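Structure first, then comments.
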Amino acid sequence: MTQSRRSRTALRRDSKSIAIEPKKFRISKRSIVDAIIVLGSILLICSVIYECIYLYENRPSNLRRRAVASFNAGRPREAAERLRIFNQTNLATVESKREEARAWLSANRARDAEKTLIRAIHQYPTDPLLKLMLLEIERVEDRIVEAIIQGDRALSEVDPLDRILILRGLTITLLDTIPDERAREKLRIWIQADPEDNQAEVALLKRMASDPMAGDINRPTRIARLKLIIQKNPSFEQAYEALAIELAASGLIDEGRSILDQWPDNKRDARYDRLKGRWELEFNNHPDRAVPLFERVVTQIPHDKTSWFRLSRAYKAVERERESRFAAERVAQLVEILDPRTLSPRLTKDFERLDDPESKLDLAEICDKAGLVKLAKAWREEAATPRHDSL
């Protein structure tokens, strides 16, 4: 009985379901190492292939070709970036430098275009087209001092056959000013494309100060912005000029005087003399000190009507009546000759007929009356030089 019971107990125990443990999947360290080696090899091969493709696509010859394709496809900034790389190679030419500058201008990156042009002009000083593009930027930004200096240098550097190009560009820059609304629109576009373009921003702020329009940012905001620009770039003379003008208009004469004192010594050109003369004449009651300052201004910028007017007042205050009358007459002459209603059509007509010596002589007369003696002389010399081509 006992034996039988034991047998049944054993049978029941044996009849229970047997739990089978799942087999564990084990990866050996050697397998992991092998996998890493394979993956690394694949990545290395892909990297080499990519590098080969990149190097092929970015070979100098391909870079310029791709830049042209980008420009034609309406991607001028991409074109400019590719040309900038190309122009760092020994295959760069004056033509590729021009292409880069044009691409930057088409992308509304005036600051990058100017940097490109300055470097290119240093390398190719006889090329007139580089200088003309730089003059156009200076015209939009109303940087007359730079335009005069660069124009004079260009006239002595370029080939005699190319001088007429510089004469035309310089005459337009100095005398045929861009209408205010069009210049503002261009400057806004440049600033939008490149918020760090302080040159364009200061030029826009100056236009707002000289001729306020509805929608302009207010004067306190402009002053704050100019102070910030100077803080970041203490040698930026155009910002000092714009800030001093704003402070004078706000009646903050002492603060303006302080700005003039901070103006860097090596940047004190006609812009500084013009403002320092104004302070001496109008705020410091020292017309005697103002006279030599304004005399320097009208020597460098002879068509500056405002400086001639203030010089006339300064002469009168120191009882130099004859000089005062002469300066006042110059103001009247400049107002007449620079009237855009008559000047612009006259310039346009002359520029359309530059193969005619009479047109060049007329341009010389305009420049003479504006006080641009060197420019007038150059136009007369051009008129006396036989040419068989026209612009």
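If you're wondering where the values come from, they're calculated on a predicted model, not measured in any experiment.
A cation-pi contact, defined as under 6.0 Å to the ring centre and within 45° of the axis, links R168 to F351.
Within a 6.0 Å radius of CD in E336, no more than 12 heavy atoms belonging to other residues, nucleotides or ligands are found. Residue E319 places its CD atom among 12 or fewer non-hydrogen atoms of other residues, nucleotides or ligands, all under 6.0 Å distant. Within a 6.0 Å radius of CZ in F326, no more than 12 heavy atoms belonging to other residues, nucleotides or ligands are found. The 12-atom threshold is not exceeded at CD of E196, counting heavy atoms of other residues, nucleotides or ligands nearer than 6.0 Å. Few gaps surround OH on Y124; more than 12 heavy atoms of other groups in view lie less than 6.0 Å from it. Around the CG atom of N285, the shell of radius 6.0 Å holds no more than 12 heavy atoms that belong to other residues, nucleotides or ligands.
Using a cut-off of 4.0 Å between Lys/Arg side-chain N and Asp/Glu carboxylate O, R188 and E185 are scored as not salt-bridged. Salt-bridge check for E201 with R225: passed, with a basic side-chain N closer than 4.0 Å to an acidic carboxylate O. A salt bridge is defined here as a Lys NZ or Arg NE, NH1 or NH2 lying under 4.0 Å from an Asp or Glu carboxylate O, and E358 with R353 fails to meet this definition. Using a 4.0 Å cut-off between charged side-chain N and carboxylate O, K369 and E365 make a salt bridge. A salt bridge links E146 to R271: one of the charged nitrogens lies within less than 4.0 Å of a carboxylate oxygen. Here E280 does not pair with R310 in a salt bridge; the nearest charged N to carboxylate O distance is not below 4.0 Å. In summary, D273 and K276 do not engage in a salt bridge, as defined by a charged side-chain N under 4.0 Å from a carboxylate O. The existence of a salt bridge linking R268 and E237 is excluded, since no basic side-chain nitrogen approaches an acidic carboxylate oxygen closer than 4.0 Å. Salt bridge absent: D127 and K97 never bring a charged side-chain N and a carboxylate O closer than 4.0 Å. By the 4.0 Å N-to-carboxylate-O rule, K206 lies too far from E246 to be salt-bridged with it.
Within the 4.5 Å cutoff, side-chain heavy atoms of R98 are placed close to those of M133. Residues L275 and W263 meet the side-chain proximity criterion, which asks for heavy atoms closer than 4.5 Å. Contact of the R346 side chain with the D350 side chain is registered, since non-hydrogen atoms from C-beta on lie closer than 4.5 Å. Looking at heavy atoms from C-beta onward, L155 lies out of side-chain contact with R153 at the 4.5 angstrom threshold. Residues L311 and W308 form a side-chain contact, since some pair of their non-hydrogen atoms from C-beta on lies under 4.5 Å apart. Between T171 and D176, the closest side-chain pair of non-hydrogen atoms is not below 4.5 Å. A heavy-atom distance below 4.5 Å is not found between the side chains of K305 and R330. In this structure, I144 and L174 have side chains that are in contact, with non-hydrogen atoms separated by less than 4.5 Å.
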In sequence, state the C-alpha distance, the side-chain angles, and the governing distance for T126 and E157, and then conclude on side chain to side chain donor-acceptor pair (under 3.5 Å).
CA-CA 5 Å; T126 62; E157 290 177 339; over 6 Å; no
Any chance you could lay out the side-chain contact (heavy atoms from CB on, under 4.5 Å) test for R163 and E381, step after step, and finish with the verdict?
CA-CA 10 Å; R163 288 180 82 234; E381 290 172 351; 3.8 Å; yes
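Each of R222, R184, R207 was compared with D216 under the side chain to side chain donor-acceptor pair (under 3.5 Å) criterion, and only R184 meets it.
The CG atom of D265 sits 12.0 Å away from atom NZ of K267, with the distance rounded to the nearest 0.5 Å. To the nearest 0.5 Å, atoms NZ (K374) and CG (D152) are separated by 4.5 Å.
Side chains of R84 and T116: a donor-acceptor N/O pair is absent below 3.5 angstrom, by distance only. Side-chain contact annotation: N233 with S235, donor-acceptor N/O pair under 3.5 Å present. In this model, a donor atom of one side chain and an acceptor atom of the other lie less than 3.5 Å apart for N87 and S96. Using a 3.5 Å distance cut-off with no hydrogens or angles, the side chains of Q262 and S258 do pair a donor with an acceptor. Remark: the S359 side chain and the D362 side chain contain no N/O donor-acceptor pair separated by less than 3.5 Å.
Under the side chain to side chain contact (heavy atoms under 4.5 Å, CB included) criterion, Q150 pairs with K131, L134, L135, E138, not counting sequence neighbours. Every side chain to side chain contact (heavy atoms under 4.5 Å, CB included) that D339 has, sequence neighbours left out, goes to R341, T342.
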